[in-house]
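Working notes, structure below.
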Amino acid sequence: MPPSAKRPRSKFKVDLSGHGGRYEDVVDDMKPTRMDDEDIESEDDDEDDDMNNVGHSSDDSEDSEEEEETADAKRLRMAREYLDKLEAQESSSEEGESNSDDDGESEDEDGAPVDKVGRRIAKERLRMSGLLQSRIADSVLEGIQSMQSSIADSSQGKSAEACAKLWIDVKYVTYLRGHDLTPTCVTLSRQGNRAFSGAKDGSVIMWNVEDGKKTTILPAIKDQYAANLNDRNEREILAIATSDDDRYLAIGGRDNCVRIFDTRTLGKSNANTPLTTMEGHKKPVSALAFRSRSLDLYSGSEDRCIRRYDLNAMTYVETLYGHQSPIVAIDCANKNRPVSIARDRTVRVWKVEEDSHLVYRGGGDVGSAECITAIQDGWFVTGHDDGRLLLWKEEKKRPVGDVITAAHGHQNGVARGVISCGALGLSDVLATGSNDGYLRLWKVNTGEKDAGITPLDSIPVHGYINSIAMGPEGKFCVVAVGQEPRLGRWDRVARAKNRVAIIRLKAIKFLNRTLIEASAKAFWHLPKTSDRQAQLLGWSINFQSKVTS
């Protein structure tokens with residue numbers, strides 16, 4: 001066929017002979033010509049196709065990347081970026097240190113390399129969960145020694161009572177007056193800005209730690225008949241505790257019940273009435289403790305029972321039986337395993353979730369325990385009426401480390417009993433009190449090799465130290481000081497004051513709000529002269545001297 005010949009068109013044939021009129025497309029079999037193989041396109045079409053191809057390829061690549069990175073891959077990528085950031089920070093900090101410090105920190109005791117990033121991540125995890133243990137004993141010792149050195153010349157050769165008065169005069173110890181009779185218990189809010197105390201006169205007071213202002217929660221009962229009491233001793237407050245979220249305050253005494261108050265409403269109304277009153281104990285409530293980081297409350301009584309409450313629902317949960325004598329004290333750390341002591345000379349760890357408990361005995365010659373405090377999960381300290389101080393580990397039936405005998409000295413040839421003890425949770429600082437005129441500080445080691453208790457220093461406090469509460473970071477502690485012991489009147493310290501004492505343990509003191517406001521007002525009234533900076537410097541030096549004095 002010549003090239004100029006035209007290509008025949010497709011022929012359509014209509015077949016109406018079938019059912020419904022069927023169409024047939026009849027196409028002649030033709031061989032492809034040269035024109036069929038050649039495609040003529042313009043330049044504009046090429047550019048459009050190229051642009052379309054580029055757009056489609058970029059979209060496809062982005063879609064493929066998004067589809068390839070799953071949720072797990074994204075978490076892994078973010079974790080790697082976080083690790084790279086930590087490694088960069090560690091490397092920058094190492095560059096600023098000396099070579100000797102780098103050599104000392106690059107290997108541990110066994111000579112193995114130290115994973116600093118891993119340690120930092122583990123420390124951050126513990127800090128976020130509230131289980132990071134702090135080592136503050138050395139800083140507390142340094143603060144006490146600095147305060148002692150400032151009054152060393154004035155305290156030489158003086159008695160414990162005279163030294164205690166000297167510490168009050170220099171404002172290292174502050175006495176708060178409010179109770180008529182001996183204070184028996186004291187506790188602190190988690191932030192450390194408020195303290196609560198109870199006394200034998202039936203009064204409960206909330207204190208502002210910064211300025212010493214008081215708010216009476218329960219007034220003193222002076223007329224037992226007007227209060228419908230059969231005995232004057234029924235008004236005594238024996239135990240007090242606050243929850244970690246600073247919402248609830250629990251009070252127990254010789255009225256055989258536990259009263260719950262809302263701390264957020266205290267002082268905002270004339271009538272401070274309890275939210276609820278938990279009844280059930282048949283004898284005085286002598287011990288109270290909140291489980292750390294929860295609203296589980298435990299109460300111990302002279303009826304030998306421990307009752308558990310859930311303040312989320314304000315209900316009683318269960319009763320724990322086991323002690324054969326009146327319960328004296330109770331404490332609880334992070335785990336749901338409270339520890340208690342009683343006159344039966346036993347220490348018991350209650351496995352609440354397993355419905356069982358462990359029994360610990362100090363030995364045949366160890367006296368009855370008077371106080372107990374939990375250092376951390378699985379570790380606790382007990383003080384005994386024969387002057388001994390014992391450190392316990394939950395996995396061992398006997399005390400750990402060396403036993404401290406006569407922790408507060410002797411009186412008439414007999415060792416003084418350890419009346420009270422208090423520790424800052426998840427730290428290595430312990431404070432104990434008795435009637436020897438000193439608050440004694442101890443360092444608690446919970447390591448596998450060096451577990452034990454070692455003395456740090458002492459601060460003069462005249463009277464019976466019936467209760468101790470440690471402040472945040474060990475900056476201060478609040479103690480209940482009185483003329484008589486907490487659970488009786490068999491002894492009396494002459495010339496002692498019934499007070500709540502705030503004792504500084506470091507060189508940091510709370511700033512007086514009134515002093516700050518007065519100093520700020522004085523600054524803004526300074527004359528606008530060229531030497532205003534010099535006046536500001538002199539004002540700041542004077543202000544700091546007033547704060548630290």
Between [Y] and [X], is there a salt bridge with N-O shorter than 4.0 Å?
X: Lys282; Y: Glu302; value: no
X: Glu210; Y: Arg194; value: no
X: Arg440; Y: Asp457; value: no
X: Arg416; Y: Asp436; value: no

Quick one: salt bridge (Lys or Arg N to Asp or Glu O under 4.0 Å) partners of Asp201, sequence neighbours excluded?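 Counting only residues at least two positions away or on another chain, Asp201 forms no salt bridge (Lys or Arg N to Asp or Glu O under 4.0 Å).
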Kindly indicate whether the side chain of Thr373, heavy atoms from C-beta on, has any atom under 4.5 Å from the side chain of Leu430.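 Thr373 vs Leu430: side chains touch.
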Do the side chains of Leu181 and His179 get nearer than 4.5 Å, heavy atoms only?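 No, side chains not in contact.
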For the residue pair Lys497 and Tyr175, would you count it as a cation-pi contact if the rule is NZ or CZ under 6.0 angstrom from the ring centre and within 45 degrees of the ring axis?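 No, a cation-pi geometry is absent between Lys497 and Tyr175.
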Against the six-membered ring of Tyr360, is Arg348 placed for a cation-pi contact (under 6.0 Å from the centre, within 45° of the normal)?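 Cation-pi check for Arg348 and Tyr360: fails.
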Could you tell me whether a side-chain N or O of Asp428 sits under 3.5 Å from a main-chain N or O of Ala137, the two making a donor and an acceptor?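 A pair under 3.5 Å: yes.
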For the backbone of Lys283 and the side chain of Ser301, can you confirm whether one donor and one acceptor N or O come within less than 3.5 Å of each other?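 Such a contact is found between Ser301 side chain and Lys283 backbone.
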Can you label the angle between the Trp167 ring and the Tyr172 ring as parallel, tilted or perpendicular, going by 30° and 60°?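 Perpendicular, since the angle between the ring planes exceeds 60°.
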Report the C-alpha distance between Asn233 and Arg489 in whole Å, list the side-chain angles of each, state the deciding distance to 0.1 Å, and finish with yes or no for side chain to side chain donor-acceptor pair (under 3.5 Å). CA-CA 11 Å; Asn233 295 333; Arg489 290 192 170 99; 3.2 Å; yes
Please determine whether side chain to side chain donor-acceptor pair (under 3.5 Å) holds for the pair Thr382 and His384, giving the CA-CA distance in whole Å, both sets of side-chain angles, and the decisive distance to 0.1 Å. CA-CA 7 Å; Thr382 57; His384 299 254; 3.0 Å; yes
Test Glu370 against every option in Arg486, Arg388, Arg343, Arg345 by the salt bridge (charged side-chain N to carboxylate O under 4.0 Å, His left out) rule and name the one that passes.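 For Glu370, the salt bridge (charged side-chain N to carboxylate O under 4.0 Å, His left out) check succeeds only for Arg343.
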A quick test of your reading: do over 12 heavy atoms of other residues, nucleotides or ligands sit less than 6.0 Å from NZ of Lys397?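 For Lys397, atom NZ is crowded (more than 12 foreign heavy atoms under 6.0 Å).
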